[in-house]
**Q** 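A single structure is presented below for examination.
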Amino acid sequence: MRVVRNSAEMQTLAVERRSRGVTVALVPTMGALHEGHLSLVRLAHEHGDEVDVTLFVNPAQFGPGEDLSQYPRTFERDVELCRAAGVSTVFCPDVGQVYAADHSTQVAETRLSTGLCGAHRPGHFDGVVTVVAKLFNIMLPSSAVFGSKDFQQARVIRRMVRDLNFPVRIVLAPIVREPDGLAMSSRNRYLSAREREQALSISRALKGAEAEAADGALDTEALGKSVESAMDAAGLTVQYVVCVDADTLEPVARLERPVLLAVAAFIGKTRLIDNVVLDLAAGADPSQAGLTPVRQG
Ligand code: AMP
């Protein structure tokens, strides 16, 4: 396994590899790897001859007052996990390798990125799509795997790839959860034992909404309210609970087509997100492992 820190070296390597006909599936991450990331790596092996992982805490996607400086960094362990997972190249540039000091170009997606997290984290998705576009140009993958834990992010990146004609197939991976239901996240490390218990209310509330939907509750406002009050009751500060069309991310009133029920909440200072896709017609949503399948009737 190669560990590359230099962008020009990485790009030269990627061009050479492509000229040999080798296909690459890329897993972009901010490091502090956990089983959710590793599930993406396993899926990536099905989509390329080689799998590359990026470890890069991207300052451009953090807002003022967010947790950029505290974000967990576990570099040595991440590299060993990648090695054990059969990764070919770990690309771990420092900020100066990714952004020229006088850079003045960025990518912006202007529709799917405006609601949900985008409404509360101005500039966040500009930072995300810009770095992903740059990583695609540096690493030249033929596919890239993203987790549905960050459902909006995956939708925004798919749109960017379509709109800008990147020759990259975007693969969506299911959410990986702890045995008790908590969605895995690098930020779970911030939680005290008590906060972790409180955080469980998120997945429990989503699971409850799934059960309500399966029992015929089709009104998204009522579903959202019950999710919000369950999280409130656990002492969380809810940032948003939304039911949106899983494709367009536009608000919907009834569960008549696949609906993304997405939440963001603070437990103390830690902001966590989670979601479930409610798709009554399709039954269980394969991208939502760990939550009870929703069935019609
Ligand atoms: P991050 O390092 O948090 O930027 O995440 C890197 C990638 O891993 C993104 O595509 C995330 O959606 C994905 N990811 C993070 N947590 C999970 C999880 N619990 N299950 C599946 N994918 C995840």
Side-chain angles (χ1 to χ4, degrees), residues 25-44 47 51-63 66-68 70-75 77-79 81-82 85 87 90-93 98 113 116-117 121 124-125 127-136 139 141 143-158 160-161 168-191 196 199-200 202-203 206 260 262-264 270-277 285-291:
L26 177 66
V27 180
T29 81
M30 298 204 297
L33 299 185
H34 52 66
E35 191 49 39
H37 298 113
L38 297 177
S39 75
L40 270 49
V41 172
R42 285 193 288 276
L43 184 57
H47 292 273
V51 172
D52 286 359
V53 169
T54 61
L55 306 173
F56 179 61
V57 182
N58 174 33
Q61 68 190 69
F62 287 78
E66 292 188 351
D67 58 343
L68 173 62
Q70 299 104 286
Y71 197 82
R73 286 158 172 93
T74 58
F75 179 71
R77 184 170 176 273
D78 292 349
V79 168
L81 287 170
C82 287
V87 169
V90 170
F91 180 51
C92 46
V98 177
S113 60
L116 291 83
C117 290
R121 302 184 71 188
H124 168 70
F125 285 113
V128 170
V129 289
T130 299
V131 83
V132 170
K134 287 164 74 68
L135 293 173
F136 285 176
M139 321 232 3
S143 3
V145 184
F146 292 88
S148 47
K149 159 91 175 1
D150 299 87
F151 193 98
Q152 183 181 21
Q153 169 175 279
R155 285 293 298 116
V156 169
I157 289 167
R158 256 199 187 137
M160 186 261 300
V161 160
V168 181
R169 176 159 181 252
I170 303 301
V171 178
L172 193 62
I175 299 179
V176 176
R177 296 176 181 281
E178 302 284 357
D180 58 11
L182 181 67
M184 289 194 184
S185 163
S186 304
R187 292 188 166 99
N188 290 350
R189 292 162 188 264
Y190 298 148
L191 302 173
R196 196 190 174 291
L200 273 181
I202 301 175
S203 53
L206 293 177
L260 174 74
V263 307
T270 305
R271 180 179 179 276
L272 297 181
I273 57 171
D274 199 350
N275 69 76
V276 63
V277 175
D285 174 17
S287 77
Q288 301 293 311
L291 289 172

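Both ligands and their constituent atoms are indexed starting at 1 by order of listing.
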**Q** Which one of Glu35, Gln153, Met30 has a non-hydrogen atom at the shortest distance from atom 9 (C) of ligand 1?
**A**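 The nearest heavy atom belongs to Gln153.
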**Q** With no hydrogens and no angle check, is any side-chain donor or acceptor of Arg187 less than 3.5 Å from a backbone partner on Thr270?
**A**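 Such a contact is absent between Arg187 side chain and Thr270 backbone.
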**Q** Distance to 0.1 Å, residue and atom name: give those for the protein heavy atom nearest to atom 20 (N) of ligand 1.
**A**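 Scanning the protein heavy atoms, the shortest distance from atom 20 (N) of ligand 1 goes to Val176 N, 2.9 Å.
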**Q** Counting N and O atoms only, with roles assigned by atom type, does the side chain of Asp274 sit under 3.5 Å from a partner on the main chain of Leu182, one being a donor and the other an acceptor?
**A**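 Absent.
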**Q** Taking the minimum heavy-atom distance to atom 12 (O) of ligand 1, which of Asp150, Leu55, Leu33, Asp78 ranks first?
**A**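 Comparing heavy atoms across Asp150, Leu55, Leu33, Asp78, the nearest one to atom 12 (O) of ligand 1 lies in Asp150.
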**Q** Does Asn58 use its side chain to pair, donor to acceptor, with the backbone of Gly127 at less than 3.5 Å?
**A**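 Between the backbone of Gly127 and the side chain of Asn58 there is a qualifying donor-acceptor contact (under 3.5 Å).
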**Q** Closer than 3.5 angstrom, by distance alone: can the side chain of Gln153 be matched with the main-chain N or O of Val128 as a donor-acceptor pair?
**A**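 No, because the side chain of Gln153 does not come within donor-acceptor range (under 3.5 Å) of the backbone of Val128.
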**Q** Treating Asp52 as the side-chain partner and Leu26 as the backbone partner, does any N or O pair qualify as donor plus acceptor under 3.5 Å?
**A**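 Checked: no pair found.
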**Q** How long is the span from the CZ atom in Arg155 to the CD atom in Gln152, to the nearest 0.5 Å?
**A**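 Answer rounded to 0.5 Å: 10.0 Å.
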**Q** Is it true that Arg271 and Asp67 have a side-chain N and a carboxylate O under 4.0 angstrom from each other?
**A**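 Asp67 and Arg271: not salt-bridged.
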**Q** Using a strict cut-off of 4.0 Å, indicate which atoms of ligand 1 neighbour a heavy atom of Pro174.
**A**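 Close to Pro174: 20 (N), 21 (C).
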**Q** Suppose I only count heavy atoms of Phe146 and a 4.0 Å limit; which atoms of ligand 1 are within that range?
**A**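 The list of qualifying atoms is 10 (O).
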**Q** Using distance alone, determine whether Ala183 and ligand 1 share an N or O pair under 3.5 Å.
**A**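 Such a contact does not occur with ligand 1.
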**Q** Return the closest protein heavy atom for atom 13 (C) of ligand 1 as residue, atom name and distance.
**A**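 Result for atom 13 (C) of ligand 1: Leu40 CD2, 3.7 Å.
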**Q** Can you check whether Ala173 has an N/O within less than 3.5 Å of an N/O in ligand 1?
**A**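 No - when backbone and side-chain N and O of Ala173 are compared with those of ligand 1, no distance drops under 3.5 Å.
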**Q** Check for a donor-acceptor pair, side chain of Asn275 on one end and backbone N or O of Lys149 on the other, with a separation under 3.5 Å.
**A**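 Between the backbone of Lys149 and the side chain of Asn275 there is a qualifying donor-acceptor contact (under 3.5 Å).
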**Q** Could you list the atoms of ligand 1 found under 4.0 angstrom from a heavy atom of Pro28?
**A**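 Answer, ordered by atom number: 6 (C), 7 (C).
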**Q** Can you tell me the protein heavy atom closest to atom 23 (C) of ligand 1 and the distance?
**A**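 Ranking protein heavy atoms by distance from atom 23 (C) of ligand 1, first comes Lys149 CB, 4.0 Å.
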**Q** At what distance is the nearest protein heavy atom to atom 10 (O) of ligand 1, and which residue and atom is it?
**A**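 Closest protein heavy atom to atom 10 (O) of ligand 1: Gly147 N, 2.9 Å.
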**Q** Please identify which atoms of ligand 1 are closer than 4.0 Å to at least one heavy atom of Ile175.
**A**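 Selected atoms, number and element: 20 (N), 21 (C).
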**Q** Checking Ser143 side chain against His47 main chain: does a donor-acceptor pair fall under 3.5 Å?
**A**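 Answer holds: yes.
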**Q** Report the member of His37, Met184, His34, Arg187 with the shortest heavy-atom distance to atom 19 (N) of ligand 1.
**A**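 Nearest option to atom 19 (N) of ligand 1, by heavy atoms: Met184.
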